[in-house]
> 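To start, I am sharing the structure in question, which I have written as structure tokens.
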Amino acid sequence: MANEDSYNWTHKDLLDTKELSQEDLQHLLDLAAQFQVINKRPVKKVPTLKGKTVILFFVEDSTRTKTSFDVAAKRLSADTFALGRSGSSLNKGESLKDTGLTLQAMNPDVIVIRHSSSGAAEYLAKLLPASIVNGGDGWHAHPTQALLDTFSLRQAWSNNFFGKTLLILGDIAHSRVARSNIQLLRKLGVNIRLCAPRTLLPAGVEHWPVEVYPELASAVRDVDAVMCLRLQLERQQAGLLPDLSEYSRRFCLDQKHLGLAAPDVRVLHPGPMNRGLEIASSVADSPHCLVLDQVAAGVAVRMAVLFLLTQCREGRKNAPD
Ligand code: CP
């Protein structure tokens, strides 16, 4: 447990995993573990954020991130309001700046934003006094996803990260999840392998702190965890993948390939899954797969994030009992 007496969360916003120190990370994950205990009680609501307002500003579609932030805020007794592109004045051409200023005028404590443009969360963070949480911006970052993935692995690995090996498999070029996870898990001493077709590797990957494998059979050998990524067809230019059946033949995580990994290998997927394309249904439904643990972890981690951004600015440090 981080030292409660000397620790101070100093961040107004959560935009990227880059900005988190080891101490921030340790404290946030310890706090999430306390909230996870509360989430398993028959009565899950605590009054910690009573009177606070959290706006969920999701300009891109989401099931997990949006719902779990909503559940997290409500479990802490905050009021939540949701705004998306559909049904809002964004559809009439209102700019991000004017929408942000309009939301700020209602005096929220936290705005969670998901946007298709990299940098949208940082733009609002500089513009507005409210705490901004990046719920995923373009290809850039998805910090709470990386935090919940780390929380899930911490439980699976009994908090022993150093020297473990994680394979990230699939559409890495378009993945904010991969970028945020690599930043966070490297800080904890996890070795990262990447495996993808050449057209789905990011430009400049040779400068990333990872090993790149062109073939799944060699990439998956002896790894402790595999993170499958969704093929993000909506972000891809035409021609990156000529044939989906060829992609799935070479890069789908199936039982045969999983058998080459460590015996107690864990499988993660941020969701939504394309079963049969990047992950076989039998793997998604196997005991190795942490997908639903990741969703549960998402609520606890997002409770910790909302708590730190609001209460710690007011001098409270401990989670409620
Ligand atoms: N992992 C994730 O961001 O899922 P959603 O798009 O459903 O929020």
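The shown structure was predicted, so the numbers you read here are calculated from the model rather than taken from an experiment. Every heavy atom of this structure was used, including side-chain atoms; hydrogens, water molecules and symmetry mates were not. Atoms within a ligand are numbered from 1 in the order they appear, just like the ligands themselves. Sequence positions, counted from 1, serve as the residue numbers for this chain.
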> Which heavy atom of the protein is the closest neighbour of atom 2 (C) of ligand 1, given with residue, atom name and distance?
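Atom 2 (C) of ligand 1 sits closest to the protein heavy atom T65 OG1, 3.6 Å.
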
> What protein heavy atom sits nearest atom 1 (N) of ligand 1, and how far off is it?
P270 O, 2.8 Å

> Within ligand 1, which atoms have a heavy atom of T63 less than 4.0 Å away?
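Once the distances to T63 are compared, the set is 5 (P), 7 (O), 8 (O).
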
> Strictly under 4.0 Å, does any heavy atom of G271 approach an atom of ligand 1?
yes

> What is the ring orientation for Y7 with H27, classed by angle as parallel under 30°, tilted 30 to 60°, or perpendicular over 60°?
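It falls in the parallel class, under 30°.
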
> Might you work through the salt bridge (Lys or Arg N to Asp or Glu O under 4.0 Å) test for D70 and K74, ending with a clear yes or no?
CA-CA 6 Å; D70 200 8; K74 288 190 166 107; 2.8 Å; yes

> Return the CD1 to CZ distance between I113 and F57, rounded to the nearest 0.5 Å.
5.0 Å

> Please give me the minimum heavy-atom distance between N134 and P143, naming the atom from each residue.
O-CD, 3.5 Å

> Is there a path of hydrophobic side-chain contacts, each under 4.5 Å between heavy atoms of I, L, V, M, F, W or Y residues, that connects V112 with L96?
no

> Provide the number and element of each atom of ligand 1 under 4.0 Å from a heavy atom of Q145.
1 (N), 2 (C)

> Please work out which of R114, R64, E60 has its closest non-hydrogen atom nearest to atom 6 (O) of ligand 1.
R114

